[in-house]
Structure formats: C-alpha cells, structure tokens
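Below is one structure, written out as structure tokens, with a few remarks after it.
The structure presented is a predicted model; accordingly, all values stated were derived computationally and were not measured. Per chain, numbering begins at 1; letters A, B, ... match sequence-line order.
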Amino acid sequence: MSLKVHNSLTRKKETFVPLTPGYVGMYVCGPTVSGESHLGHARPYITFDFISRYLRHQGYKVRYVRNITDAGHFEEEGREAEDKITKKALLEKIEPMELVQKYTNLFHWAMKEFNNIEPNIEPTATGHIVEQVNMIEKIIAAGYAYVANGSVYFDVKKYALTHDYGKLSGRVIEDLLETTRILEGQEEKRDKADFALWKAAPPQHIMRWRSPWGEGFPGWHIECSAMATKYLGAEFDIHGGGMDLMFPHHESEIAQSTVCNNSTPAKYWLHNNMITIGGKKMGKSYNNQIKLTEMFSGDHPLLTQAFSPMTIRFFILQTHYRSTLDFSSEALVAAEKGLKRLWEAYEFLKKLDSKNAVPASTNLLDEELDKKILNLLNELEAFMNDDFNTAKVLANLFEIVPVINSIKDGLIKVDSIPATTIELMKTSFRIYLEEILGLKNTTENTETFNGVMELLIDIRKEAKGKKDFATSDKIRKQLAGLGINLKDEKTGDISWSS
RNA sequence: GGUCCUGUGGCCGAGUGGCUAGGCAGAGCUCUGCAAAAGCUUCUACAUCGGUUCGAAUCCGGUCAGGACCUCCA
C-alpha cells in the first residue's frame, strides 16, 4: 500500500515517490515573528508535524526545514517600503531583533506545548541575506529581474512568456497583468504583477543590509527560495504551507527558483486549509484571531474556558487537513471530552495484561469481535496513506473504545480476545496516537503525588468497605474541589483523573 | 469583476454511486450507597430544483447560500 498525497500543483492525489529513495526533503513556510501566533497558525505546524511523523514512521529519513521570517516583508507591497518588524519594534520601543527574539521564543514555546517535533533545520531570513542576494543576482543575470531606485523586481511578464506563472494557484497571467487595482508607489514596477526581490530601505528604516543595489532588505518570497535551495537542493520532495500562501508567495517561489535553478523546486505542494470562525477565516483581515496564549488561558470573550494544547491538537486532527475547520468554544469542548474518553481508554489498554489470558480455549474466543478489531486496526495505515486522513484514524480508534471499556468493566472477558490481538491493539494505539498523531498525556504526575493518591484511594476503599460513606464522600468531594475526579469502577477499583 | 472551493442531523465533522463514519450534545435502559464514569439502545442528515442510473449525499446542469484567493495573511 503506497502513500498518496494531494498535490496542489496538479490538483490530484498522486502516489508519493521521493526523489531519492528512502529520503524526504520537506520545506514548510514558518511564522513571521512580528507578533504572537494565533489559533490559525497552529494548523500548518500541527499538520506538517503529523505528516513528518508519518513519513518517518514509513521509514523515510526526513529532513524537515521550517524557516523563521524575521526580516519582515512589506506591510503592503508597493506602498511605502514598510517593514512589519521595524514598525512593531518602534511601537514596542525595542530593538527589532529583540522583538524577533521575543516572538520566536513564544512560538517555540507554543510548538513544544503542541508536542510538535522540532524541524531539523530552522533557518532565519536574517541569517541568509547573502544567499538571498546571490539568488537575486542570478535572477538579474538571467534577465528576469530589473533594478529600480535601489530596489529589485521580478519581471513576471517576461517570465510568463516562457513559463507558466500561475500553474500552482490557477492564476491567469492576463488577468494579473490587467488588474485594475491601483496602489501608490507602484511606479517603480514595470507591471503590477511584478513582485519585489529586494527593497531599498528609506533612511528611517532600522533593519537594513548592504547589497549591490544599495542598503535595503529582501522581499518576502526570496527567503524561502534561498533557504529551501540551500538546505534541500534545487529540487526537493515536499513544500508545505497554508492555502493562503499559494498566491502570491508560493507561485513566486516557483518562478524565482525556476529561473535560478532551472527546475521546479518542489515535486509535491501540500496546503492545509484555514481555521474559520463563524465561517470566516481567522486572520488579520477580519481581526478575529484568538492568540494561542489566550486559547491556553481561556482569557478571551469567545472562550467559555481554557483549552489545553492537546485539545487543540486533537480538534485539528479530527478534521482532514485540506478541509476548513470552524472554530467555536462548543466544538473545542466536544473535542476535549472526546479526547479524554479516548485517552482514558488508552491508559487502561496500556496496563491491560494479556499475557495471563488463556489463548488456547477457542470456545471462549469471540471470533467476530476479534475480526472486527483487527479490521479496524488494519485500516489505520490505509487511512493515513490516503492523503493523511487523521479523521478516519481517530474514528476507528474510537470504535475500539467501547471494547476496551467493556473489558475494563468486565463485560468482555480478556480471554475472549486473542492475546495477539490485545497486543496489536496496544501497539497500534501507541503508534497512531502517540508516534504519528503526536498526542500525549497532558498531566505528568510525580511519583510522590501518585503515592499520595494511592493512599487516599486506599483510605476511601476501607471507608467504603465499612460503609462509612461520610468519609468516602469527603475524600471524593474534596479531591473534586481540586479538580481530581474519583471513579468507582465496576471491578471495585477506584480510578482517578485530573 | 476574475479564478477556485464548499453547502451533511442541535454543534464539529468523515464520506465521491449501493454497505452504521466518528466525536460532542439529547432520550431511554443497565450497572450503582450516592456521584461520576462506563455499557447497551435510540431520535434529529445529506441546501434546492431538474437530469443521468436498476440505484446518488456521492456524477451532470440550473438556482440559492457561504467562503478562499486576486493586497499582508498559516
């Protein structure tokens, strides 16, 4: 069974064949660290995290490159040469690099909270000015860029004569050239469709670098092309990012790299869809973002409570990555409850001892149930191979939850399922939930704490045995006040969760 | 205006020709000192109008509604 991915370039699902057998080079557009990440930003990084996890699980050696945009591109291209980062730094009265550091740290913290594995290389735009300048020089030499007043622009019209500018985003070049939209400061450009490779910095601009064309700063698209080329080569396997980056960002990347390297940079272009809120994209345009810090703290008018990073991760995993996902506090609450149920079943499954089960007595075996479980588990890989259908993976795992809970309650005897199947359940849950989907237990308790809990549970058990319900209820009630819930299991055991 | 996408039950969402998606919420039952869980059963679907087909949520066309991109955007 082979992996199929939806390639935005062809708008089709294609069998994934890496350029070099066994190796995958993947570039994902990272954040612009001029401000705090919001919920919408969580999606691509979680998406490409489980994609990289799955590729590794399939045995590929993955080099995952994700940049940090710390050079800042134009607030609105064509107007004043205004750098997002410089502007914000002035506002916060700090050094631009201080600002960049602050938000980079915050971003890294959030990624860790989401249990995202760090990329193998996380290059910064400011650290690759030389590479960008070199690339721009190559493009000028090839005749596809021109200099105007210390800025350099890519000549889209010329490129389009011999190349398909718009092949990724489905843009029609004639429409782009004929667009009627008028922006100020466009006089330098020969055509409205042209985009900046290098922008001359006005005197007050703080972030500036020397270049053959004078002091300035790089255009937005060139950094990704330069860094992807440097670390993954002229051609690599996967380029990822949000759908909103398809045009102009990725389209322009293709043009730049094609001119420089004589090849289309990435073989497969993968794009995640947006998180919406009330049906509208969460983002700057609607000013409807909810910051990740607000999500985690619950400190936002639209939130009825705080949501843990794992709840958000699970919420995102429940939807296919190419579908929009509509946010609401209600939907998050549902995700939180679902995850809790799934995870508690998994925790019990982990502890389940199948070794003592008698495997031989076939008359005890529930063959139908066994078959059902095996079938559900076997489908998991096919789902992931079908363009990473995490929603279906979770649905199947959920179907096994009642089986696990029934074993827990003694409604299904452990030995009615072959020990091999139990073991397979254990490994499958571990591999899919933890290794591939990247979910983890949110509360890590210390041994001391667990010991204290055990003691309390013992005391409560004794009290219950003596029908001293006053004591047993007191323990349960006070723990509940601390956010710890005790549950009397059917087997007589007492379990707890926080 | 151009290009493209979507419309599934109270909510979030899988699903592209015939088979219960799943989660959350609701109802009933069981278990239970109480509680919480859990198990079992169950109610609300496929925007709309036509067409193709033995058969359509799924394919085709019209209509309506929403959205994305075209400007920074994950």
Side-chain angles (χ1 to χ4, degrees), chain A residues 11 28-32 34 37-48 72-79 82 84 166 169-172 174-176 178-181 183 192-193 220 240-249 251 271-276 278-286 289 314-315 318-320 322-342 344-345 383 389-399 401-406 408-412 464 467 469 472-473 476-477 480 485-490 495-497:
Chain A
R11 289 170 192 80
V28 174
C29 290
T32 300
S34 60
S37 298
H38 59 76
L39 179 63
H41 294 120
R43 196 160 191 199
Y45 308 125
I46 289 172
T47 298
F48 290 99
H73 40 271
F74 314 134
E75 190 66 39
E76 267 171 297
E77 192 174 307
R79 288 196 192 165
E82 207 177 291
K84 262 192 201 174
S169 58
R171 222 48 41 135
V172 181
E174 286 76 21
D175 295 345
L176 291 172
E178 282 166 21
T179 180
T180 51
R181 206 166 54 85
L183 288 177
K192 289 181 184 103
W220 175 33
M243 267 182 189
D244 51 352
L245 295 181
M246 266 167 86
F247 190 88
H249 186 52
E251 197 69 63
H271 290 99
N272 63 275
N273 215 319
M274 302 292 105
I275 286 182
T276 59
K280 287 213 167 37
K281 174 186 169 183
M282 184 181 283
K284 209 158 56 172
S285 342
Y286 295 106
Q289 312 99 310
F314 179 79
F315 176 63
Q318 268 191 310
T319 310
H320 186 91
R322 288 196 304 108
S323 299
T324 53
L325 171 56
D326 201 46
F327 161 85
S328 68
S329 213
E330 197 188 355
L332 258 301
V333 169
E336 183 183 82
K337 287 184 183 172
L339 174 60
K340 187 165 188 271
R341 199 165 86 92
L342 182 63
E344 282 179 8
F383 291 156
N389 199 329
T390 56
K392 280 194 146 189
V393 167
L394 286 171
N396 268 29
L397 294 179
F398 264 111
E399 287 209 56
V401 166
V403 177
I404 297 171
N405 285 335
S406 293
K408 188 182 184 180
D409 289 350
L411 299 168
I412 293 176
K464 274 186 71 177
K467 299 220 186 290
F469 297 124
S472 69
D473 286 352
R476 188 173 63 197
K477 204 175 167 190
N485 295 310
L486 291 186
K487 285 184 277 190
D488 295 339
E489 302 294 347
K490 293 207 173 90
S495 68
W496 63 277
S497 63

Calculate the interatomic distance between Arg322(A) atom CZ and G13(B) atom P; express it in whole Å.
-> 16 Å

With sequence neighbours left out, what residues match His249(A) under side-chain hydrogen bond (donor to acceptor under 3.5 Å, both in side chains)?
-> His221(A), Glu253(A)

Quick one: does Asp326(A) reach the base of G13(B) with a side-chain donor-acceptor pair under 3.5 Å?
-> no

When every non-hydrogen atom of Ser37(A) is compared with those of His41(A), the smallest separation belongs to CA-ND1, 3.5 Å

Pick the C1' atom in G26(B) and in C43(B), then give their distance to the nearest Å.
-> 8 Å

Those residues that, when tested against Glu330(A), pass side chain to side chain contact (heavy atoms under 4.5 Å, CB included) (two or more places apart) = Ser328(A)

Taking C34(B), C12(B), A74(B) as options, the one with an atom nearest any side-chain atom of Phe315(A) is C12(B)

Would you indicate what Asn389(A) reaches in the nucleic acid, counting non-hydrogen atoms under 4.0 angstrom: base, sugar-phosphate, or nothing?
-> sugar-phosphate

Between CZ of Phe469(A) and P of U32(B) the distance, given in whole Å, is 13 Å

For atom CG of Leu325(A) and atom P of C11(B), their distance in whole Å | 16 Å

Determine the Euclidean distance between corresponding C1' atoms of U71(B) and G2(B); express it in Å to zero decimal places.
-> 15 Å

Nearest atoms (heavy-atom pairs only) where Gly283(A) meets His38(A) | CA-NE2, 4.3 Å

Can you give one letter per nucleotide of nucleotides 42-47 of chain B, going 5' to 3': B for a protein heavy atom under 4.0 Å from the base, S for sugar-phosphate only, - for none?
-> ------

Tell me, please, which residues at least two apart from Glu251(A) pass side chain to side chain contact (heavy atoms under 4.5 Å, CB included).
-> Tyr165(A), Lys167(A), Leu168(A), Ser169(A), Phe247(A)

Can you tell which of G13(B), A68(B), C34(B) lies closest to the side chain of Thr319(A)?
-> G13(B)

Nearest-angstrom distance, C1' atom, G22(B) to A14(B) | 7 Å

Does A74(B) have Tyr45(A) stacked on its base, where the ring centres are within less than 5.5 Å and the planes differ by under 30°?
-> no

With both distances under 3.5 angstrom, what nucleotide forms a Watson-Crick or G-U wobble pair with A57(B)?
-> none

Sticking with atom P, work out how far U8(B) lies from C4(B), rounded to a whole angstrom.
-> 23 Å

Gap between atoms CG and C1', on Leu342(A) and G23(B) respectively (whole Å) | 10 Å

Glu344(A) and Lys340(A) ion-paired at < 4.0 Å | yes

Is Asn405(A) near enough to G39(B) that one of its side-chain N or O atoms lies under 4.0 angstrom from OP1 or OP2?
-> yes

Check every strand shown and say whether Met246(A) touches a base, only sugar-phosphate, or nothing at a heavy-atom separation below 4.0 Å.
-> nothing

Would you classify Lys392(A) as touching base, sugar-phosphate or nothing, given that sugar-phosphate means primed atoms plus P, OP1 and OP2, and contacts are heavy atoms under 4.0 Å?
-> sugar-phosphate

Taking only N/O atoms, report every protein-nucleotides 1-5 of chain B pair under 3.5 Å with atom names and distance.
unit_1	atom_1	unit_2	atom_2	d
G2(B)	O2'	Asp175(A)	OD2	2.8
U3(B)	O2'	Gly170(A)	O	3.3

Considering Watson-Crick and G-U wobble pairs with both distances under 3.5 Å, what does A35(B) pair with?
-> none

Sugar-phosphate only, base, or nothing, as touched by Phe48(A) at under 4.0 Å among non-hydrogen atoms = nothing

Nucleotide forming a Watson-Crick or wobble pair with C4(B), both distances under 3.5 Å = G67(B)

With sequence neighbours excluded, what pairs up with Arg43(A) under the side chain to side chain contact (heavy atoms under 4.5 Å, CB included) test?
-> Thr47(A), Asn272(A), Asn273(A), Ile275(A), Ile316(A), Thr319(A), Leu325(A)

Within the structure, does a side-chain N or O atom of Tyr286(A) lie under 4.0 Å from either OP1 or OP2 of A68(B)?
-> yes

When only distance counts, do a donor and an acceptor, one from the side chain of Arg476(A) and one from the base of A35(B), lie under 3.5 Å apart?
-> yes

Give His320(A) one of three labels, base, sugar-phosphate or nothing, depending on what nucleic acid heavy atoms sit under 4.0 Å from its own.
-> sugar-phosphate

For nucleotides 24-31 of chain B, read 5' to 3', which letter fits each nucleotide if B means a protein heavy atom sits under 4.0 Å from the base, S means only the sugar-phosphate is that close, and - means neither?
-> SS-----B

Comparing Leu245(A) with Ser323(A), nearest RNA chain B nucleotide closer to 5' gives the residue Ser323(A)

Could you check whether Ala331(A) gets within reach of a base, just the sugar-phosphate, or nothing at all, counting any heavy atom under 4.0 Å?
-> sugar-phosphate

Give none if U48(B) has no partner; otherwise give the nucleotide forming a Watson-Crick or G-U wobble pair with it, both distances under 3.5 Å.
-> G62(B)

Residue list, ring-ring contact (aromatic ring centres under 6.0 Å, His included) with Phe315(A), at least two apart or on another chain = none

Would you mind reporting whether Leu39(A) and Gln289(A) have side-chain heavy atoms less than 4.5 Å apart?
-> no

Give a yes/no answer on whether the side chain of Lys192(A) brings an N or O atom under 4.0 Å of OP1 or OP2 in C70(B).
-> no

If you look at every strand shown and take non-hydrogen atoms under 4.0 Å, does Gly279(A) touch a base, only sugar-phosphate, or nothing?
-> sugar-phosphate

Gap in Å between the two C1' atoms, one belonging to C12(B) and one to C64(B), rounded = 24 Å

Whichever of Cys29(A) and Thr324(A) has the more 5' nearest nucleotide on RNA chain B, that residue is Thr324(A)

Listed partners of Lys337(A) passing side-chain hydrogen bond (donor to acceptor under 3.5 Å, both in side chains), at least two apart = none

Test side-chain hydrogen bond (donor to acceptor under 3.5 Å, both in side chains) applied to Asn485(A) - qualifying residues, sequence neighbours left out = none

Pick the C1' atom in C5(B) and in U44(B), then give their distance to the nearest Å.
-> 28 Å

Those residues that, when tested against Asp488(A), pass side-chain hydrogen bond (donor to acceptor under 3.5 Å, both in side chains) (two or more places apart) | Arg460(A), Lys464(A)

Which whole number of Å gives the distance between the P atom of G10(B) and that of G1(B)?
-> 33 Å

Assign Met274(A) to base, sugar-phosphate, or nothing according to its heavy-atom contacts below 4.0 angstrom with the strands shown.
-> base

Ignoring the backbone of Leu176(A), work out which of A74(B), C70(B), G33(B) is nearest its side chain.
-> C70(B)

Pick the C1' atom in G13(B) and in U48(B), then give their distance to the nearest Å.
-> 22 Å

State which of A74(B), A14(B), C40(B) makes the closest approach to the side chain of Pro402(A).
-> C40(B)

Sugar-phosphate, base or nothing in reach of Glu399(A), heavy atoms under 4.0 Å | sugar-phosphate

Scan Leu486(A) against the nucleic acid and name what it touches under 4.0 Å (heavy atoms): base, sugar-phosphate only, or nothing.
-> base

Of the candidate nucleotides A68(B), C34(B), G15(B), which contains the atom at the shortest distance from the side chain of Asp488(A)?
-> C34(B)

Can you name the residues that form a side chain to side chain contact (heavy atoms under 4.5 Å, CB included) with Asp326(A), not counting sequence neighbours?
-> Thr276(A)

Take the protein atom CG of Asp409(A) and the nucleotide atom P of U32(B), then report the distance between them rounded to whole Å.
-> 12 Å

